[in-house]
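Remarks on the structure that follows.
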Amino acid sequence: MEAIVEKILDKITQYDKIIIHRHVRPDLDAIGSQIGLQNLLLLNYPEKKIMVTGYDEPNLHWLAGMNYVADEDYQDALVIVCDTANRERIDDQRYQNGKELIKIDHHPDEAPYGDISWVDPQASSTSEMITRFSREAKLLMDVQTARLLYAGIVGDTGRFLFPSTSSLTFEMAAYLRQFSIDFSDLSRQMDTISLEIAKLQGYVYDNLEIDENGAARVTIRQDLLKQLKLKETDTSAVVGAPGRIKEVQSWGVFVEQEDGGYRVRLRSKTIPINEIAKQHDGGGHPLASGANSANLEENDQIYSEIQDLLKKSQK
Ligand SMILES: [Mn+2]
């Protein structure tokens, strides 16, 4: 068994109460790894109290929901945080109230935390790591757990298309595939969008600004979100949309916040854009990162930085 897996397994066996967290604005991997791990531990240690906490994201209710965790539950509890690079992004700041803390994540380890930390930036997803953990530790697996972990892997690999998809990813997916997951339901759920999101997507295509080098941007204002009855978090569903256009190389989706600032989602097909994100109160993966902008002027600044980057790369 890998040393780190053994270390984590040791801790799990020592505790009667385990509370699992993940990042804010959860995606399929955040929920899949968090609740996948919960189900896995409940299956293998039925005598233990295993809980999950964080905002109960309505868009992912079809996948799984959260538990209510009381403040007292943190007493003498082991806390495990899945899929979260830094402390600030952990959903439910009570994570620090446990007795010990374990980090399990696949993002670059730029802000280490936890008494034990298992970070593997080579892994496609935290769900892939949890699957690996279950196999190394020879834990039982069932269909419910397999469904969650599989969904997490599918989500973070863009359906096995992102470069992070490795042979190990397929090995883990093949293992999970042996369980009789309802795959047609999973794919239907993942493909389903609401009419409001479809309209937002239409807005993005109609209003996308593209320059001659493939730099693109679109701004989504609060009044539009209100009109469509959408929340800021719903906009994640349209972030990939500009990338489907042939002419677009790198792009920013600027989403106005309640306070007048902007959350900026930056994406790129080949040229890393995360240095731009770092200059603007953000960070992330080379081809997918996020930033925060104070106002429209800073939005223009960010867009011109994307434009310059692409212009330079043309030479
Ligand atoms: Mn992830």
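Hydrogens, waters and symmetry mates are skipped; everything else that's a heavy atom, side chains included, is used. We count residues from 1, following the sequence as given. First listed ligand is number 1; within each ligand, the first listed atom is number 1. Since the structure is predicted, the reported quantities are computational estimates derived from the model, not experimental observations.
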Taking NZ, NE, NH1 and NH2 as the nitrogens, is one of them in [X] or [Y] under 4.0 Å from a carboxylate oxygen of the other?
X: D73; Y: K17; value: no
X: E275; Y: K278; value: yes
X: K7; Y: D115; value: no

*In D29, what N, O or S atom is nearest to the Mn ion (ligand 1), if we give its atom name?*
OD2
*Starting from the Mn ion (ligand 1), look over the N/O/S atoms of D83 and name the nearest one.*
OD1
*asked:* For residues F133 and I31: do they belong to one hydrophobic cluster (side chain heavy atoms under 4.5 Å, members Ile, Leu, Val, Met, Phe, Trp, Tyr)?
replied: yes
*asked:* When you group the ILVMFWY residues by side-chain heavy-atom contacts below 4.5 Å and let the links chain together, are M129 and V52 in the same group?
replied: yes
Do any of the N/O/S atoms of [X], backbone or side chain, fall under 2.8 Å from the Mn ion (ligand 1)?
X: D156; result: yes
X: D105; result: no
X: H107; result: no

